[in-house]
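Note on naming: letters A, B, ... go to the chains in the order of the sequence lines (proteins, then strands), and numbering restarts at 1 for each one.
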4 protein chains.
Amino acid sequence: MTERRAPSTARRSERARVAILEAAYDLLLDEGFLAMTIEGIAAKAGVGKQTIYRWWPSKSAVVFDAALHAGEQAADSGGLPDTGDLEADLRLVLHAIVDELRDERRSAAQRTIMVESMHDDELAEKVVEHILRPQLELTKDRLRSAVRAGQLDRDTDIDTLPDALYGPIFYRWMLRTQPLTHAFADQILGTTLGVHKVNQRARQGESG
Amino acid sequence: MTERRAPSTARRSERARVAILEAAYDLLLDEGFLAMTIEGIAAKAGVGKQTIYRWWPSKSAVVFDAALHAGEQAADSGGLPDTGDLEADLRLVLHAIVDELRDERRSAAQRTIMVESMHDDELAEKVVEHILRPQLELTKDRLRSAVRAGQLDRDTDIDTLPDALYGPIFYRWMLRTQPLTHAFADQILGTTLGVHKVNQRARQGESG
Amino acid sequence: MTERRAPSTARRSERARVAILEAAYDLLLDEGFLAMTIEGIAAKAGVGKQTIYRWWPSKSAVVFDAALHAGEQAADSGGLPDTGDLEADLRLVLHAIVDELRDERRSAAQRTIMVESMHDDELAEKVVEHILRPQLELTKDRLRSAVRAGQLDRDTDIDTLPDALYGPIFYRWMLRTQPLTHAFADQILGTTLGVHKVNQRARQGESG
Amino acid sequence: MTERRAPSTARRSERARVAILEAAYDLLLDEGFLAMTIEGIAAKAGVGKQTIYRWWPSKSAVVFDAALHAGEQAADSGGLPDTGDLEADLRLVLHAIVDELRDERRSAAQRTIMVESMHDDELAEKVVEHILRPQLELTKDRLRSAVRAGQLDRDTDIDTLPDALYGPIFYRWMLRTQPLTHAFADQILGTTLGVHKVNQRARQGESG
DNA sequence: GTTTAATCGAGACGGTACGTCAGGTCTTTAG
DNA sequence: CTAAAGACCTGACGTACCGTCTCGATTAAAC
């Protein structure tokens, strides 16, 4: 993933690679990004420091790969569910996200990476490219499908809606101003889809 | 702000205190939180390292105070504007936030504080209490005023709406997936208020 | 002695200085120059590495000072003995040198210094100035005294004789081709003084 | 020369062997023993590190062989000249040695090897066996021949005389206290042979 | 004339020590 | 008594080499 200065990648020791990623992930969870050190990773992985420096340019890069390695979940989803009912499908997705983020153990690493990406442009780019962009694109695909199915206004801004959905959840997760719940996700969903929902608005119009 | 282990605070040199805070803020803008060092602050401020350690417990603490010192703006706002037109008032606020965050110099400190609060619970609490909570409370006040004025549904969830407004902006600012613009803020505002706006929905219902 | 890059020497910790020199000397005797490390000295002295690097530019420099510190004997001799009997006086000196060089513990430092001075011109100069030249000058003084006393030919080459005395001993010490003994020293002494001794040659002439 | 752990020596690549020795000698002259590295030799020779480690046990061993290879002069001499005039023959030998040692370029490597042999017992043994002992034995042979010819006392210590001859020259060469000249060699020779010369002493006796 | 097995260039590996940097504490000197 | 200056111990940094260990790809020998 990140072996950009890799000399060949052919002779590379898979054993060492995996040991490093797992040691890095453990240390990330146990000590946090700032406290962990390259020397610590090397020691825990039973690996020479140079073997880390040979394949990764920075601590950020190792940790990012470690997080990806820990959850090979990024590419597993072949897309968002599409049952025909947009709101139900999105609710499923948001609930899954909330569930994952509420598991403190699993989400600590994610949060750390997000945080570090704020002052590490290289890391930030990787986060956007490998984690956020794919998720956003899949979401947009689902929304376009909904437009085609007549469930959303034809003039809905497809680029903004995902931010409106994920932003508030991200906000509460990062800043912990209030608890992150399914109910909150539902409210965000309702609020966000509100103006754009064709049928509902029509029905509301009739009954109004 | 953070002088917890201060021995007396009485004999403290104001000259040194200000020099430290200003040096710290300059370095924060020039080098960023990670690159700057306590030694660097001391050198730039023409101060002994011990004079920093005597009054602050950590780099985070100095930088937080430096940011507060730089902009004594946190508490200046006596509340959100209330012209009677909720959407216009919120648009003003969101545009101001966007403007501040788009100014790299001004937003660097904010970003740093957010970042550091992630692995510094004490700092996190201060951020929430001194910066976020006040902003959220003022926003809620404005929303309640709108409900009273009949501009918003009576059953609008006042606790969720601010997250729906600020969350997406925070999301784009932190993750930099797409540029942060006034247009984006406007769309979020439109989407978010959409279902709750009394007049507009009524009008839409009539014309539907 | 070697604090060339010393910033001030005023604030210097005498405790640390002595601990370093003693640790260095111990390690020199126990492990030898090549095997010992700066980190090892620091650890044994209970000192930070930086405290060594602050005051000495190289391992050689530390070890040289350590050797000087161990035996503040370099300048102690107020001159060679002068009992009137040149051969007896020189025999005393050579035996003392042999004794010192045969004591592995005591000669290790000397050997190391000689070795290091080969690839460290600055050190070499110090060795010549502080150790060799004084010894040679004192020896020449004693020889001149013997010429005045009529024990040596008036045309004896005073500049060559010391090399003829010390050279062979140095040769065996360094190259270890054969053991270094008092008998060897005596033979060198006899051979070297042979042609120059006034009385003996005269007596030999009479008996020839 | 030193291929002690060589598995067969049969399949050995002569090209690689020579390239290694020449690279090593170049590096020895250019950087000195301490600064040069096995990796450097391998790189300069265009050879894998393992090819060095396969045939030599240590850097010392490679460098020693490299020096031998550079001057295949060690074993070329079939003995010291024996014209019947001991002093003239030895003068020839000493002048040749002085000439070689005065050539800084050629003698630098020799000096380095001598120096390193002080803290490298394995190297020391090789130096003694391959370079010094042969020279000393040849010298002793010549001296015994002189005894038989009646030019030297029958009780002359044959084991000491070579040290008395070579020691002072070695001393000045290594320590560089004074320049190394033919005149110096002549004086050493005169002093050393003085007491033992049969004819001269007899003549002196007659004239005394 | 092909096996076939050792050697070759290459270079990754687990390590040690390097010399530097900054952390946070302790000490000295001046005001 | 505080502040400046800065030395102190600590520990991580990123680099250079160590000596060992695979890798294919030549060789040169014995079949």
Side-chain angles (χ1 to χ4, degrees), chain A residues 6-13 15-17 19 35-43 45-55 57-59, chain B residues 7-8 10-13 15-17 19 35-43 45-59, chain C residues 6-17 19 35-43 45-55 57-59, chain D residues 6-13 15-17 19 35-43 45-55 57-59:
Chain A
S8 73
T9 234
R11 294 207 198 277
R12 182 170 188 178
S13 158
R15 185 183 63 67
R17 195 188 126 260
M36 71 192 288
T37 65
I38 297 268
E39 292 203 334
I41 299 171
V47 140
K49 269 199 290 183
Q50 197 57 46
T51 301
I52 297 181
Y53 285 112
R54 181 151 38 227
W55 301 108
S58 66
K59 188 166 74 169
Chain B
S8 72
R11 292 202 192 263
R12 182 169 188 178
S13 158
R15 187 185 64 67
R17 194 187 128 261
M36 69 192 289
T37 65
I38 295 270
E39 294 202 332
I41 299 171
V47 140
K49 273 200 290 181
Q50 195 54 44
T51 303
I52 297 181
Y53 284 112
R54 195 167 7 246
W55 302 106
W56 289 275
S58 66
K59 186 164 76 167
Chain C
S8 73
T9 233
R11 296 215 204 270
R12 183 168 187 179
S13 157
E14 182 65 9
R15 185 184 62 67
R17 194 188 127 262
M36 70 192 288
T37 65
I38 296 269
E39 293 203 333
I41 299 172
V47 141
K49 269 198 292 182
Q50 197 58 47
T51 301
I52 298 181
Y53 284 113
R54 181 152 39 229
W55 301 108
S58 67
K59 188 165 74 168
Chain D
S8 73
T9 231
R11 299 231 211 247
R12 183 169 187 180
S13 157
R15 187 184 63 67
R17 193 188 128 262
M36 69 192 289
T37 66
I38 295 271
E39 294 203 333
I41 300 171
V47 140
K49 271 199 292 180
Q50 192 59 241
T51 302
I52 297 180
Y53 284 111
R54 182 151 37 230
W55 302 106
S58 66
K59 186 166 76 168

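Here the shortest heavy-atom pairing between C/Ala42 and C/Gly48 reads CB-C, 4.2 Å. Counting all heavy atoms, side chain and backbone alike, C/Ala16 lies closest to C/Ser13 at N-OG, 3.0 Å. Minimum heavy-atom separation, A/Ile52 to A/Ile38: CD1-O, 3.9 Å. What you find for C/Ala45 and C/Ala19 is that their closest heavy atoms are CB-O, 3.5 Å.
Nearest nucleotide to the side chain of A/Trp55, out of E/dC13, F/dC18, F/dT10: E/dC13. Of the listed nucleotides (F/dC8, F/dT15, F/dA12), F/dA12 has the atom at the smallest distance from the side chain of C/Lys49. Comparing atom distances between the C/Val47 side chain and each of E/dC26, F/dC9, F/dA12 picks out F/dC9 as nearest. Between E/dC13, F/dC18, F/dC13, one nucleotide has an atom nearer to the side chain of D/Tyr53 than all others, and that is F/dC18. The listed nucleotides are F/dC8, F/dA3, E/dC18; the one nearest the side chain of C/Thr37 is E/dC18. Distances from the side chain of A/Ser13 to the nucleotides E/dC8, E/dC13, F/dA16 place E/dC13 closest. Taking every side-chain heavy atom of D/Thr51 into account, E/dC8 is the closest of F/dT15, F/dC13, E/dC8.
Distance, A/Ile52 CD1 to E/dG15 C1': 13 Å, rounded to whole Å. Regarding C/Ile41, its CD1 atom lies at a distance of 12 Å from the C1' atom of E/dA17, rounded to whole Å. The interatomic distance linking D/Arg12 (CZ) with E/dC8 (C1') rounds to 12 Å, in whole Å. One interatomic measurement links the two molecules: CE of A/Met36 to C1' of F/dC13, which rounds to 15 Å at whole-angstrom precision. The distance from atom CD1 of D/Ile38 to atom P of F/dA16 is 18 Å, rounded to the nearest whole Å.
Distances shown here put a side-chain N or O of D/Arg15 below 4.0 Å from the OP1 or OP2 atom of E/dG9. Residue B/Arg54 has a polar side-chain atom (N or O) positioned under 4.0 Å from OP1 or OP2 of F/dA3.
With DNA chain F read from its 5' end, the first of the two nearest nucleotides for A/Glu39 and D/Gln50 is the one closest to A/Glu39. Nearest-nucleotide mapping onto DNA chain F: of B/Gly48 and D/Lys59, the residue sitting toward the 5' end is B/Gly48.
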Are any protein N/O atoms closer than 3.5 Å to N/O atoms in nucleotides 27-31 of chain F? If there are, list each pair with its distance.
{"from": "F/dA29", "atom 1": "O4'", "to": "D/Arg11", "atom 2": "NH1", "distance (Å)": "3.1"}

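Rounded to the nearest 0.5 Å, atoms CD1 (A/Ile41) and CD (A/Glu39) are 10.5 Å apart.
By the 4.5 Å heavy-atom criterion applied to side chains, D/Met36 and D/Lys59 are counted as neighbours.
Summary of helix geometry: the two end axes of the helix from E/dT4-F/dA28 to E/dG31-F/dC1, each defined by five base pairs via their C1' atoms, are inclined to each other by 20° (rounded to 10°).
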Stepwise side chain to side chain contact (heavy atoms under 4.5 Å, CB included) test for D/Trp55 and D/Arg17
CA-CA 9 Å; D/Trp55 302 106; D/Arg17 193 188 128 262; over 6 Å; no
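Residue contacts for A/Gly46: at a heavy-atom cut-off of 4.0 Å it reaches the sugar-phosphate backbone alone, with no base atom in range.
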